[in-house]
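All remarks here apply to the structure that follows.
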Protein chains: 2
Amino acid sequence: MSHSLTDLPDDPPPAADSPTAIAQWVADVLRERIVKGTYAPGSRLVERRISAELELSRTPVREALKLLHQDGLIEISRNRGAQVLRCTAEDALRLFDVIAALESLAAERLAAVITPAQLDDLEDMHARMLTYHKVGSHADYFDTNSEIHEFIVESCGNPIVQDARGRLMARARQGRFMAIHSPERLAQSVQEHEALMQALRARDAGAAALVWRQHLLHTGDSLAAMLDSD
Amino acid sequence: MSHSLTDLPDDPPPAADSPTAIAQWVADVLRERIVKGTYAPGSRLVERRISAELELSRTPVREALKLLHQDGLIEISRNRGAQVLRCTAEDALRLFDVIAALESLAAERLAAVITPAQLDDLEDMHARMLTYHKVGSHADYFDTNSEIHEFIVESCGNPIVQDARGRLMARARQGRFMAIHSPERLAQSVQEHEALMQALRARDAGAAALVWRQHLLHTGDSLAAMLDSD
DNA sequence: TCAAGGGATATGGCATCCCATTTTGCCCAG
DNA sequence: CTGGGCAAAATGGGATGCCATATCCCTTGA
């Protein structure tokens, strides 16, 4: 087992102030561990073991596992426990084919309704991202990058897009942090972000949709290539 | 209460041959009732009541309610039970904005890889649909229509599209069967189906994507108008 | 008559027990 | 040494009990 009882829940048990909060919290803990690789793909998540470690009963753990299953992160088989699914290169391509469609829709809709304030926020994030890129501060670059993507999906006016995209991204994040691409891909990515900003400034919904879809398809290709090279 | 113990589960309890089958079955029963309107929007689904009626314990019912919640069909609040959410016109627009993006993607991908056999299947369904339309057999028309949409999403080569689309459609179906549109809309819809067939015959992915997206956006508009007129 | 307070009831969340099935490991026969 | 079979342990699923809290109704006082 890869973690002792000492690195326990990090957070204290989150006092059940809201309904189903415990199961949600358990799901978050497990999701984090899956994403960070603490639970390797293929490893088995046993209800009784987790409930003992987190010092609660099996019921919320069961619910959490069900949640993770619906998110596509694990497979649950009877008497064999939950197993972390591996995200293959092919999975990444399929995932980003859909994510591209969703985020493209978000960009398209946002371009049509974007407010000056929202544009300012985006300009700010965009500028920060460019700086981090120049400086070579990868972690900050990726954070800001994610921030921009999240912002677009949040601001597009359709929460359903955000919800669907969130679930898909959880699966994609599994394993690597979608980190470090090649310098060329990085440069291309920055360029695509710049193109989106131009489309948004011009309120050109069609262009925004096109640019952003290509950006995400490229991201998918890049991630798939990375997963393949393992 | 709108149903007695005599119109029980319709199906016999589904023998737990596969794992989690019971919860899944309960979810199916409840979903059907929500879609058919047996449970009106706003009505409360009480764990204990349902478990008593279906003659099983609260556990699978509870899981089923969680599933329905993740599908966006119900809201669960502590001590207030699960309540069926109402699908408003605005919801329909948002839903179909996303569904349009997904099915458009499916059509685009399918056009690129469609086999002669698949095209034959589609031609067959399409012809049947046209016949039903001419004859005015609405139920058959809608069935075949759904069949075509399902087929496209299934055959596009990306199961993630199918999954995401399925969840969204469950919410859209809530209430009316998405039934009866105006004659003009019906004619337009048929025309759009015909346009898709042409694009698929030509293996023109771009045209297929465009046509199909418009078709679904129109469907969303139509449904929203219907919901609004209530 | 109406409003406010209190208690009974309803309800979902968590813990725990039991069961069916699968997995695992061991022992013995060949 | 190997393979098969059997028993014990492991494991998830379902059932049930208890608890905290929200809801609802009835009572009571102004």
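Each chain gets a letter, A, B and so on, in the order the sequences are listed, and its residues count up from 1. Remember, predicted model here, so these are calculated numbers, not experimental data.
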Whole-Å gap separating [atom2] ([N]) and [atom1] ([X]):
X: A:L67; N: C:dG13; atom1: CG; atom2: P; answer: 12 Å
X: A:K66; N: D:dG12; atom1: NZ; atom2: C1'; answer: 9 Å
X: A:E47; N: C:dC17; atom1: CD; atom2: C1'; answer: 14 Å
X: A:I76; N: D:dT11; atom1: CD1; atom2: C1'; answer: 13 Å
X: B:R44; N: D:dC24; atom1: CZ; atom2: C1'; answer: 10 Å
X: B:I22; N: C:dC19; atom1: CD1; atom2: C1'; answer: 13 Å
X: B:L45; N: C:dT11; atom1: CG; atom2: P; answer: 12 Å
X: A:E75; N: D:dG12; atom1: CD; atom2: C1'; answer: 14 Å

Does [X] pair with [Y] as a salt bridge, N-O distance under 4.0 Å?
X: B:E90; Y: B:R94; value: yes
X: B:E150; Y: B:R165; value: yes
X: A:D97; Y: B:R109; value: yes

Please determine, for the side chain of B:E63, which listed nucleotide (C:dG12, C:dG13, D:dG14) has the closest atom?
-> D:dG14
With the side chain of A:L56 defined as its heavy atoms from C-beta on, choose the nearest nucleotide among C:dA15, D:dG12, C:dG13.
-> C:dA15
[X] vs [N]: side-chain N/O to OP1/OP2 distance below 4.0 Å:
X: A:S57; N: C:dA15; value: yes
X: A:R80; N: C:dT23; value: yes
X: B:R58; N: D:dG14; value: no

Please report the C-alpha distance between A:R31 and A:D71 in whole Å, then the side-chain angles of each, then the deciding distance to 0.1 Å, and finally whether the side chain to side chain contact (heavy atoms under 4.5 Å, CB included) criterion is met.
-> CA-CA 10 Å; A:R31 194 192 331 268; A:D71 284 350; 2.8 Å; yes
Heavy-atom nearest nucleotide on DNA chain D taken for A:L65 and for A:T59; more 5' hit belongs to A:L65
B:R48 (side chain) and C:dG12 (base): donor-acceptor pair under 3.5 Å | yes
Does any N or O donor sit under 3.5 Å from an N or O acceptor when you compare the side chain of A:N79 with the base of C:dT22?
-> no
Considering all heavy atoms of both residues, which atom of A:L105 and which atom of B:A101 are nearest to each other, and what is their separation?
-> CD2-CB, 4.1 Å
